Amino acid sequence: MQELVLLFIKGIIVGFAIAAPVGAIGVLCIRRTLIGNYFLGISTGLGAGFADVCFAAIAAFGLASISDFIISHEFWLKLVGGTLLIWIGIQIFRACPIQERNNGVSDQSYVGAFVSSFFLTLTNPVTILAFVAVFAAMGVDHLDDSTEQPLALILGVAVGAFGWWLSLSTFIMLLRHKLSENILVWINKISGGVLVAFAAVILLSLAFPQQEENEMLDTIRQDVLGFWYGDPKDQDYGQFRTWWFEKSDATDLQIVDRFKDLHTQLMTGEHQDMLATPEGYMAQILVLDQFSRNIYRDSPQAFASDGKALALAKEAVAKGYDQKLPAFMRAFIYLPYEHSESLADQEESVRLYEALGQPGNLDYAIQHKVIIEKFGRYPHRNALLGRVSTPEEIKFLKQPGSGF
């Protein structure tokens, strides 16, 4: 019970933190409260808060297929959302705020306010990744298989998000009657202009990808792959390196210094354009699946990005990108399957390594699969993740090599 209460409290903090930054929805909420009425502003906030709760549920329950679908359609979601935002901004700019205020109502219905803000919030799929990253930072990214823990977390997010929008609308309402008609007219014009500006930024980012950003992504990819596999011009390029799987403070410090910021950026959904190439997938998977273990060694965060790495690995395999990479890279692009605590992923891991034709990697994949078949999880992670080991697991952990 105490653990559920703690998750609920953490959820409140996360929900408030995600909702609080003022963007297009914040402007809408403020304008509708000032020009329309208090409950119109509340309806707007509830729509945005409900969308945040949906994103939080996807992240908390680990619904990778849904999040992958949303993120993969990011372009179209932003296009539709940006277009809708321009239309709303123009309508607000042209509206008569004095008439709306005097009548105490708005042309916008409560249901319409809710639906519009809900949809506009959904057109920003990066919010899912923001929830994943914040959950990881607060140590709530590894929940048990029951529904109680995720529900406690999601309920907390709902309270935090709705609490923010209620507070914002209430604060604006208290100022409402202190503003003159002239100020209301200017607030209306500015609100409409700001919404159109937000929309323009969204649409321009889709229409004019920056060359500098593409060059930066190329540099990131080359830096990651070069660090891990070496220079393609060298004779030992791609050959096995002992430090890949050995605990080394020097290696950990080097990876922290060079790639910790990149790991954070990938967890929050940045650098999506890297995924246009097989090498881009490989680079992101290395950072999220391998570098995370160096950056956050001996802490729960070492496994926090495993889910995202696995989702990327599945995407790469589904697109056939793994077949376009050399064998030494394919061995690492399959590792997220091996790190998963799902038996289905373990079976796929064995299949992929069998097809790869590397006996050593296949042997390790089989050993990992046997552990998941027996325990349903990796016992050596229990202590870090706050899980209680069973007597059988404790006995297993005393064996050499049980922790890989």
Side-chain angles (χ1 to χ4, degrees), residues 58 61-69 71-72 132 141-142 145 221 224-225 228-229 237-242 244-245 266 274-293 302-382 385 392-393 396 399 401-404:
I58 293 172
F61 281 105
L63 304 178
S65 59
I66 297 178
S67 63
D68 291 345
F69 175 83
I71 293 171
S72 65
V132 172
D141 51 310
H142 289 280
D145 294 331
R221 185 184 66 237
V224 172
L225 298 182
W228 198 250
Y229 298 117
Y237 173 61
Q239 293 184 11
F240 179 82
R241 287 161 168 75
T242 57
W244 280 346
F245 303 108
L266 296 183
M274 284 179 66
L275 303 180
T277 66
E279 291 79 11
Y281 269 93
M282 183 72 266
Q284 289 212 17
I285 289 170
L286 278 175
V287 174
L288 296 169
D289 184 69
Q290 291 296 307
F291 292 3
S292 58
R293 284 159 167 75
F303 314 110
S305 54
D306 281 11
K308 183 167 178 56
L310 178 61
L312 291 177
K314 289 181 177 180
E315 282 184 19
V317 171
K319 293 178 179 180
Y321 279 2
D322 57 321
Q323 302 299 320
K324 299 179 181 180
L325 295 171
F328 62 83
M329 288 190 183
R330 289 171 61 190
F332 282 96
I333 214 167
Y334 300 151
L335 268 184
Y337 290 91
E338 193 173 291
H339 289 153
S340 171
E341 292 186 322
S342 162
L343 182 56
D345 293 332
Q346 292 296 323
E347 291 172 346
E348 180 66 3
S349 169
V350 171
R351 186 193 72 79
L352 290 168
Y353 281 114
E354 282 179 343
L356 185 59
Q358 295 182 351
N361 286 317
L362 176 59
D363 181 59
Y364 273 106
I366 294 173
Q367 291 182 49
H368 283 72
K369 176 174 173 287
V370 169
I371 294 175
I372 298 301
E373 285 178 329
K374 186 174 183 179
F375 301 108
R377 60 185 184 178
Y378 288 120
H380 69 274
R381 297 182 184 178
N382 289 349
L385 300 180
E392 189 177 17
E393 289 175 330
F396 169 75
Q399 300 176 15
S402 60
F404 288 98

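Given the structure is predicted, the values throughout are model-derived calculations rather than measurements. Along the sequence shown, residues carry numbers from 1.
- Under the side chain to side chain contact (heavy atoms under 4.5 Å, CB included) rule, Ile333 has a single partner from Leu356, Leu312, Leu325, which is Leu325.
- Using a distance-only test at 3.5 Å, with no hydrogens or angles considered, a donor-acceptor pair links the side chain of Trp244 to the main chain of Trp228.
- Between Ile371 and Pro379, the closest heavy-atom pair is CG2-CD, 3.8 Å.
- In terms of heavy-atom proximity, Glu393 sits nearest to Phe375 at CG-CD2, 3.4 Å.
- Applying the salt bridge (charged side-chain N to carboxylate O under 4.0 Å, His left out) rule to Asp322 yields no partners; only residues at least two apart in sequence or on another chain are considered.
- Side chain of Glu354 to main chain of Leu362: no donor-acceptor pair is present (N/O by atom type, distance under 3.5 Å, no hydrogens or angles).
- The shortest side-chain heavy-atom distance between Arg377 and Asn382 falls under the 4.5 Å cut-off.
- You'll find the ring centres of Phe396 and His380 outside the 6.0 Å limit.
- Here the shortest heavy-atom pairing between Arg381 and His339 reads NH2-O, 2.9 Å.
- If you take CD1 on Ile285 and OH on Tyr321, they are separated by 12.0 Å, rounding to the nearest 0.5 Å.
- The salt bridge (charged side-chain N to carboxylate O under 4.0 Å, His left out) search around Glu347 returns none, not counting sequence neighbours.
- Counting heavy atoms from C-beta on, the side chains of Met274 and Tyr281 never come closer than 4.5 Å.
- The CZ atom of Arg330 sits 13.0 Å away from atom NZ of Lys324, with the distance rounded to the nearest 0.5 Å.
- Here Leu286 contributes atom CG and Leu335 contributes atom CG; the two are 9.0 Å apart, rounded to the nearest 0.5 Å.
- The shortest non-hydrogen separation linking Ala365 to Ser349 is CB-OG, 3.7 Å.
- Take Phe328 and apply the side-chain contact (heavy atoms from CB on, under 4.5 Å) test, not counting sequence neighbours, and it matches Tyr229, Tyr237, Pro326.
- Side-chain contact between Glu373 and Gln346: absent, with no pair of heavy atoms (C-beta onward) separated by less than 4.5 Å.
- Not one N or O on the side chain of Ser305 forms a donor-acceptor pair closer than 3.5 Å with the backbone of Lys308.
- Of all the heavy atoms in Val224 and Ala283, the pair that sits closest is CG1-O, 3.7 Å.
- In summary, of the residues considered (Leu352, Val350, Asp345), a side chain to side chain contact (heavy atoms under 4.5 Å, CB included) with Glu348 occurs for Leu352 alone.
- Looking only at side-chain heavy atoms (C-beta outward), Asp306 and Leu310 stay at 4.5 Å or farther from each other.
- The shortest non-hydrogen separation linking Ala302 to Arg293 is O-NH1, 3.7 Å.
- Between Tyr334 and Val317 there is a side-chain heavy-atom pair separated by less than 4.5 Å.
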